[in-house]
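Every number for a ligand or one of its atoms is a count from 1 in the order of the listing.
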Amino acid sequence: MALWGGRFSEPTDADLKALNDSIGFDKRMYKQDIAGSMAYARAIAQVGVLTDAEAETIIGGLQQVLAEFEAGTFALKPEDEDIHTAVERRLTELVGAVGGKLHTGRSRNDQVATDFRLWVKDAMSQIDALAEALQFVLIEQAEQHLETVMPGYTHLQPGQPITAAHWLMSFFWMLARDRERLADAYKRTSVSPLGSGALAGTPLAIDRAALAQELGFRSYSQNSLDGVSDRDFAAETLFVLALLGTHLSRLGEDIVLYSNPQFGYITLNDRYSTGSSLMPQKRNADPMELARGKAGRLIGNLTGFLTTLKGLPSTYNKDLQEDKEAVFDSVDTLAIIMPVVIAIIKTLKLNPAKMRAALGDDLLATDLADYLVRKGLPFRQAHHIVGQAVQLAAGQGVGLSVLTPDMLAGLSDLFTEDVVSVFDFDASVARRAGDGGTAPEAVRRQIVAAREWMGVQVAQT
Ligand code: ARG
C-alpha cells in the first residue's frame with residue numbers, strides 16, 4: 001500500500017507505478033533525504049510535535065537507515081515510490097509508529113526540493129573541482145610553451161602567428177567564467193524550501209532559519225508556492241554545465257584537428273589515443289571527439305527541461321520530477337569526460353617544430369601592413385597595398401618574404417630595405433605585447449593574472 005493509499009480502495013496499476021515511481025533514479029539522494037529528515041525531526045521537536053525522546057528515536061532510526069544505504073544492504077520494497085517514501089517506510093519498520101510523526105507539517109513537495117538542492121550543491125562543488133584541475137593543467141602546459149609559435153586561425157584559415165601558451169590559456173578563461181557562473185548559481189541553489197509544506201506553508205512555528213542553517217543553506221525561501229515549485233536552480237545548473245560542455249567541445253575540436261597528421265601540432269599520449277580495428281596506422285583522438293559530442297546531450301538536457309518547465313501552472317506538478325534525470329545525466333556526463341580531458345592536457349605533447357613548419361608567410365601580411373602604418377600610411381591603404389603584394393607573390397608561386405624590397409617598392413615607395421625585418425614570426429608575436437596579447441611577455445602576465453584569479457576563486461568557495 002502506498003503511503004498515500006488511504007483514500008483508494010484498489011491498488012495502483014502496475015504500468016502506472018512503472019511510470020510514476022522515481023525511486024530508480026532518486027535513490028541516489030538518500031544522503032540528502034536523510035540529512036533533511038534529521039534536521040526536520042529536530043525542528044519539529046523544538047515546537048513540541050515530538051518529545052525529545054521521540055526525536056532521538058527517529059534520528060537513531062534514520063542513522064540506521066543511512067547505514068543500510070551506505071553498506072548497500074537497504075532492501076527496496078515494491079511500495080517504495082521514491083526515496084522519500086522508501087526512507088520513511090524503513091524508518092517506521094525500524095522504530096515503529098512514531099516514525100509516522102516525522103512527516104508532520106512536511107510534504108514531499110518541500111522535501112524533494114530540499115533534497116535536490118542539497119544534491120545539486122554537492123554536484124556543483126564536484127564539477128567545480130574538475131574545472132579547477134583542468135585550469136591548472138592548462139596553465140602548466142602554457143608555461144612550457146610561452147615561446148612556441150604556431151598559426152592562429154579565424155574561419156579556420158591561417159590568420160596570424162600566436163604562441164601556443166596563448167592558445168592554451170584561452171581555454172583557461174572560458175573555464176574561469178564557467179566556474180564563476182557555477183559559484184553564482186550555487187548562491188541561488190543554496191536556499192532552503194523546507195517549511196513550505198505542500199504549497200501553502202507550515203502551520204508549525206518551526207525556526208526555518210535554523211533549519212536552513214543546519215542543512216548548510218545560506219537562506220530560506222520567502223514564498224511557499226515558489227518554494228515547492230522553483231526549479232530555476234536546476235535549469236541554471238543545466239545551462240552552466242551545457243556551456244562548460246560547449247567549451248570542452250571546442251577544446252575537443254582543436255585537439256582533434258591539431259593532432260591530425262596534416263597539422264601534427266600535438267601528439268596525444270598513447271594512453272589517451274585509440275586505434276582502428278581495420279587501419280593499422282590510425283591514431284584517433286576519440287576521447288576528445290567524445291568531449292565534443294557530449295555537448296549535444298548536455299544541451300539536450302537543458303532544452304528538454306526548460307521545455308518541461310514552460311507553461312507549468314502554479315505550484316508543484318509531477319512534471320517537476322523530470323528535473324532529476326536531466327541534472328544527474330549532465331553531472332555524470334561531465335564527471336566521466338573531464339578527468340580524461342584533464343589527463344590529456346596534462347600529458348599532451350606539443351610539437352613546436354611542426355607548428356613552426358606550418359607558419360606560412362601570409363601570416364605576416366598584417367605585420368607588413370603595420371610596417372606601412374608605422375611609415376605613416378593610413379591602415380586602409382596599407383591593407384590594400386599588402387593585398388596586392390600577396391597577389392604578386394601568389395602569382396609567382398612564392399611566399400611573401402621572397403618578394404625583394406625592390407619588388408615591393410613597385411607597390412609603394414614606403415617599402416625600403418628594412419622591410420625584411422618584418423618577416424620574422426617571433427618578432428611578430430613579440431610585438432603583440434599589450435595586455436591580452438599573444439607575446440610571451442604578455443602571456444607571462446596573463447598567467448600571473450590567471451593564478452591570481454585561481455586564488456580568489458578558491459577563497460570564495
Ligand atoms: N518523486 C517526486 C519528485 O521527484 C517527489 C514529490 C512528489 N510529490 C507529490 N505530490 N507527488 O518530484
**Student:** May I ask you to identify the nearest protein heavy atom to atom 1 (N) of ligand 1, giving residue, atom name and distance to one decimal place in Å?
**Tutor:** Gln321 OE1, 2.8 Å
**Student:** When you check the gap from the basic side-chain N to the acidic O, do Lys27 and Glu81 get nearer than 4.0 Å?
**Tutor:** no
**Student:** Counting only heavy atoms, which portion of Gln111 has something under 4.0 Å from ligand 1: side chain, backbone, both, or neither?
**Tutor:** neither
**Student:** Does a sphere of radius 6.0 Å around CZ in Arg283 hold more than 12 heavy atoms from other residues, nucleotides or ligands, not counting ones at 6.0 Å or beyond?
**Tutor:** yes
**Student:** Check whether any heavy atom of Glu81 sits under 4.0 Å from an atom of ligand 1.
**Tutor:** no
**Student:** If hydrogens are left out, which of Asp110, Asn109, Asn317, Asp323 has an atom nearest to atom 8 (N) of ligand 1, that is, the closest non-hydrogen atom?
**Tutor:** Asn109
**Student:** What is the closest protein heavy atom to atom 11 (N) of ligand 1, and at what distance does it sit?
**Tutor:** Arg108 NH2, 3.7 Å
**Student:** Can you pull out the closest protein heavy atom to atom 6 (C) of ligand 1? Residue, atom name and distance to 0.1 Å, please.
**Tutor:** Tyr316 OH, 3.4 Å
**Student:** For Phe425, is the NZ or CZ atom of Arg356 found under 6.0 angstrom from the centre of its six-membered ring and inside 45 degrees of the ring axis?
**Tutor:** no
**Student:** Go through it in stages, so that I can follow the logic: the residues are Lys17 and Asp80, the test is salt bridge (Lys or Arg N to Asp or Glu O under 4.0 Å), and I'd like the CA-CA distance, side-chain angles, deciding distance and then a yes or no.
**Tutor:** CA-CA 10 Å; Lys17 258 190 79 59; Asp80 294 342; over 6 Å; no
**Student:** Between Arg179 and Gln135, does a side-chain hydrogen bond (donor to acceptor under 3.5 Å, both in side chains) hold up when you go through it step by step?
**Tutor:** CA-CA 10 Å; Arg179 292 185 60 205; Gln135 285 181 306; 2.6 Å; yes
**Student:** Show me which atoms of ligand 1 lie under 4.0 Å from any heavy atom of Asp82.
**Tutor:** 1 (N), 2 (C), 5 (C)
**Student:** Salt bridge check, Glu322 against Arg231: does any charged N sit closer than 4.0 Å to a carboxylate O?
**Tutor:** no
**Student:** Purely on distance, is any nitrogen or oxygen of His84 under 3.5 Å from one on ligand 1?
**Tutor:** no
**Student:** How long is the gap from CD on Gln32 to CG on Asp26, to the nearest 0.5 Å?
**Tutor:** 11.0 Å
**Student:** In ligand 1, which numbered atoms sit nearer than 4.0 Å to a non-hydrogen atom of Lys324?
**Tutor:** 3 (C), 4 (O), 12 (O)
